[in-house]
Protein chains: 2
Amino acid sequence: MPVAEARYDVFQAVADSTRRSMLTLLAETDTELPISRIAEHFPISRTAVNKHLHVLTEAGLVSNRKVGRETRYKLRPDPLRDLQRWLTYFDRYWDNKLIALKAFVEEDDSERVEG
Amino acid sequence: MPVAEARYDVFQAVADSTRRSMLTLLAETDTELPISRIAEHFPISRTAVNKHLHVLTEAGLVSNRKVGRETRYKLRPDPLRDLQRWLTYFDRYWDNKLIALKAFVEEDDSERVEG
DNA sequence: TAAACGTGAAACCAAAAGGTGTTATAAAAA
DNA sequence: TTTTTATAACACCTTTTGGTTTCACGTTTA
């Protein structure tokens, strides 16, 4: 983010697989983590990790607090509700198209259960 | 089969607000639409609309068929279930008074995945 | 105080994303 | 056949994104 407030929304924040992994990491540990601990899990520089965390912060998906010389990041899943709410619209669509969905489910099911 | 080897995955496809609008447009009309009809709703060129539809196609979120000189696009919401499934991981981190329809989809989903 | 540590910020870069206009092609209409 | 319509394909441009290295600043530790 060079200058302006680039304002990332939750859709953009979640579009990147590295950021999704960071969210699941924070969810799994179920506690706050400093950047160095987070960076251990990714093959990128700590600066790059910091940028991703900044994007997640702007989307409201993580928060941070300073503890000594550390900055600890914590999961804030609430904005995911926006995603959830958006998907709800298509949940209804699936409901209406249940027959087609059912066909898809059965077809895929037979591929792995058989045998 | 939802999204095999696509350049764009569902998360990326949905990250753009224009593409999200296209999906809701197709869902609202609940029918197939040619590009020109879709382009009417957006302040960008038809070429740009075509590119967005191409991204959505690669993500498996729309399909198309040629009818005369038209190419009609139709919503394929199934890949959104990948998004849905990812979100369910974070369900336990917010108040779990979840949407009933989501619970229904999740229940249906348990028929074909690990469960 | 000085040194080491953890982080944030800046400058920079390559590639991708989102946009444009133009051209090519196939189908419908005159 | 000729023209118009609908779309795809191509070349191109600009901004954004994800990454790097370097450096400055505040916090701990010696």
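Numbers restart at 1 for each chain; the letters A, B, ... are given by sequence-line order, proteins then strands. It should be emphasised that the depicted structure is a prediction, and the values quoted were computed from it without experimental measurement.
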B:K51 or B:P34: which one's nearest nucleotide on DNA chain D is closer to the 5' end?
B:P34

Identify the residue among B:D16, B:L75, B:V62, B:L56 that makes a side-chain contact (heavy atoms from CB on, under 4.5 Å) with B:M22.
B:L56

Can you build the contact string for nucleotides 22-28 of chain D? Use B for base contact, S for sugar-phosphate-only contact, and - for no protein heavy atom under 4.0 Å.
B----BS

Ignoring the backbone of A:A48, work out which of C:dT7, D:dT20, D:dA6 is nearest its side chain.
D:dT20

N/O donor-acceptor pairs under 3.5 Å from side chains in residues 23-38 of chain A, not counting sequence neighbours:
from  : atom 1 : to    : atom 2 : distance (Å)
A:T24 : OG1    : A:R20 : O      : 3.2
A:T24 : OG1    : A:S21 : O      : 2.8
A:T29 : OG1    : A:L25 : O      : 3.2
A:T29 : OG1    : A:L26 : O      : 3.3
A:E32 : OE1    : A:R65 : NE     : 2.9
A:E32 : OE2    : A:R65 : NE     : 3.1
A:E32 : OE2    : A:R65 : NH2    : 2.5

Does A:Y73 put a side-chain nitrogen or oxygen below 4.0 Å from OP1 or OP2 of C:dT7?
no

Electrostatic pair B:R81:B:D78 at N-O distance under 4.0 angstrom
no

Minimum-distance nucleotide to A:I44 side chain [options: C:dT7, D:dA8, D:dT20]:
D:dT20

Could you tell me the separation between the CZ atom of A:R19 and the C1' atom of D:dG18, rounded to a whole number of Å?
9 Å

Counting only side-chain nitrogens and oxygens, does B:H52 get under 4.0 Å of the OP1 or OP2 atom of C:dG19?
yes

What are the residues of residues 20-33 of chain A, sorted by number, that bring a heavy atom to within less than 4.0 Å of DNA chain D?
none

Min side-chain heavy-atom separation A:V55-A:Q12 under 4.5 Å:
no

Integer-rounded Å distance: D:dT7 P and B:N64 CG:
11 Å

Nearest heavy-atom neighbours spanning B:P79 and B:G60:
CG-O, 3.2 Å

B:K66 and B:T71: side-chain contact (heavy atoms from CB on, under 4.5 Å), yes or no, with the steps?
CA-CA 4 Å; B:K66 303 214 72 167; B:T71 303; 3.4 Å; yes

C:dG8 OP1/OP2 closer than 4.0 Å to side-chain N/O of A:N50:
yes

Indicate the atoms forming the closest heavy-atom contact of B:V14 with A:F11, along with that distance.
CG1-CD2, 3.4 Å

Protein-nucleotide distance (A:R72, atom CZ; C:dG8, atom C1'), rounded to Å:
18 Å

Here the distance between atom C1' of C:dT20 and atom CZ of B:F42, to the nearest Å, is 18 Å

A:Y73 side chain near A:N50 side chain, heavy-atom distance below 4.5 Å
yes

Value in whole Å for how far the C1' atom of D:dT5 lies from CZ of B:R37
15 Å

With a cut-off of less than 4.0 Å, is there a side-chain N or O of A:Q12 near OP1 or OP2 of D:dT17?
yes

When all nucleic acid strands are considered with a 4.0 Å heavy-atom cut-off, which category describes A:S45: base, sugar-phosphate, or nothing?
base

Is A:Y8 near enough to D:dT17 that one of its side-chain N or O atoms lies under 4.0 angstrom from OP1 or OP2?
yes

